[in-house]
Amino acid sequence: MKQEDLGRFVGYWLPQLEEELRAILHSPEEAVAGHYGMMHYHMGWVDEHFQPYAAPAGKRLRPILCLLACAEVGGDPSQALPAAAGIEILHNFSLIHDDVEDGDETRRHRPTVWKLWGIPQAINVGDAMFALAFAGVQRLSRRGVPAGQVLAALDLFTQTCLALTEGQHLDIDFEQREQVTVADYLRMIQGKTAALIRASVQIGALLGGASPAQQEALGRFGQALGLAFQIQDDILGIWGDPAVTGKAAGNDILRRKKSLPLLHGLNSPAVGAQLQALFADAPTEEQVPIAMELLAQAGSRAYAVEQVAHHHGQARQALEEGLGRSVQGSVLWQLAETLLHRDA
Ligand SMILES: CC(C)=CCC/C(C)=C/CC/C(C)=C/COP(=O)(O)OP(=O)(O)O
């Protein structure tokens, strides 16, 4: 596949992915239409009155990675579509629960599910999406994928669900913990973010017929890409443009999130004490620019950008191992490069 093919690939497979997602998240009967309506709202298909509406729906990054990995090892992406859809549903389940756990009121420029329908319904609809994510992966059998491969994909998927909750456990725990090291942070994002990105690539490679060694190397590519992606997310969580990210300005400062730039600032000899004093109580909106200035003095943004580049480099190396050639002409790599320059 040639580099310029990324746009064409996404243009071709995205509508098919949406169709698969709609089939999995289809309401079985009128009595529970509201339950599925909340899912459709979160997926960007309807408004809060469940009327058809094309809203910002997220990047669909993980399923695209899954389909691309399948294609890049010589497989047919249509065989991987149900897994790609299951992965996206799992991701969206985690966002709905994460918004409840964090108390976030906005996602993708719209009120969050809990904000509109309350916490009990948001937890319940998240639970349903968790179950439907597995139902999605199981639909691989309908496409003639051999039972052994379906089981292997389900096994990876199950391990990934656990990894997500482990990462989320650490993330929540770190908000109260005084001392968090960079190693602690990396362990946390490995679970919270990188595990699912790793699984997306690895499951795509598995279904595309890659050898175990190839699957492992491509998994490492996904893992490193996931780490770079989360650190980039941390940068956007502080310095991102709210109009583009759909999140409040300085969101992570207000929430005292132990994101990488903040960890760096808190441990800085120059401004660490001042930042710690600011973080002793929940910072106010007026204190956000002060915290940003302190982070600038500590060089925390530059440090995080360097770390993104480091993990991006690791991703490139693993991808070259997995493909057995240079990343030149790799569409997976083109996507990785695009992610490096994202602003939302
Ligand atoms: C178990 C549990 C509740 C875990 C929560 C894990 C969690 C919410 C991790 C955040 C990962 C992340 C970077 C999300 C944004 O992805 P994105 O930028 O791809 O989002 P998009 O789909 O909106 O584009």
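Numbering of ligands and ligand atoms starts at 1, following listing order.
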Value rounded to 0.5 Å, distance of CG in D233 from OG1 in T193: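 D233 CG to T193 OG1: 7.0 Å, rounded to 0.5 Å.
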Atom CD of Q314 and atom NE2 of H311: how far apart are they, to the nearest 0.5 Å? 7.0 Å
Contact partition for K59 relative to ligand 1, non-hydrogen atoms under 4.0 Å: both
What is the nearest protein non-hydrogen atom to [atom], stated with its residue, atom name and distance?
atom	answer
atom 12 (C) of ligand 1	R62 NH2, 3.9 Å
atom 6 (C) of ligand 1	K192 CG, 3.6 Å
atom 11 (C) of ligand 1	T193 OG1, 3.5 Å
atom 23 (O) of ligand 1	R108 NE, 2.9 Å
atom 13 (C) of ligand 1	Q230 OE1, 3.3 Å
atom 5 (C) of ligand 1	Q168 OE1, 3.4 Å

Check: S94 N/O within less than 3.5 Å of ligand 1 N/O: no
Flag H91 as yes when one of its N or O atoms lies below 3.5 Å from any N or O atom of ligand 1, and as no otherwise. yes
What do the steps show when you test R22 against E18 for salt bridge (charged side-chain N to carboxylate O under 4.0 Å, His left out), and what is the final call? CA-CA 6 Å; R22 283 179 190 266; E18 292 301 299; 5.3 Å; no
Could I get the full list of side-chain hydrogen bond (donor to acceptor under 3.5 Å, both in side chains) partners for R110, not counting sequence neighbours? none
L116: which of E105, Q121, E48 passes side-chain contact (heavy atoms from CB on, under 4.5 Å):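 Considering E105, Q121, E48, a side-chain contact (heavy atoms from CB on, under 4.5 Å) with L116 is found only for E48.
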So, applying side-chain contact (heavy atoms from CB on, under 4.5 Å) with V73, which one of L206, L68, L218 is it?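 When L206, L68, L218 are each tested with V73, the side-chain contact (heavy atoms from CB on, under 4.5 Å) holds only for L218.
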At a 4.0 Å threshold, what atoms of ligand 1 neighbour a non-hydrogen atom of D233? 13 (C)
Contacting atoms of ligand 1, where contact means under 4.0 angstrom from a heavy atom of G58: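 Listed by number with element: 21 (P), 22 (O), 23 (O), 24 (O).
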Ring of F229, cation from R342 - is the NZ or CZ under 6.0 Å from the centre and inside 45° of the axis?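 Judged by the rule, R342 and F229 form a cation-pi pair.
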Candidates D234, D171, D252 - the one meeting salt bridge (charged side-chain N to carboxylate O under 4.0 Å, His left out) with K257: D171
Acceptor/donor pairs from residues 25-41 side chains to any protein atom, 3.5 angstrom cut, sequence neighbours excluded:
unit_1, atom_1, unit_2, atom_2, d
S27, OG, E29, O, 3.2
H40, NE2, L25, O, 2.7
Y41, OH, P111, O, 2.7

Any R107 heavy atom less than 4.0 Å from ligand 1: no
Tell me whether R60 reaches ligand 1 (any heavy atom closer than 4.0 angstrom to a ligand atom).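 Contact check R60 vs ligand 1: negative.
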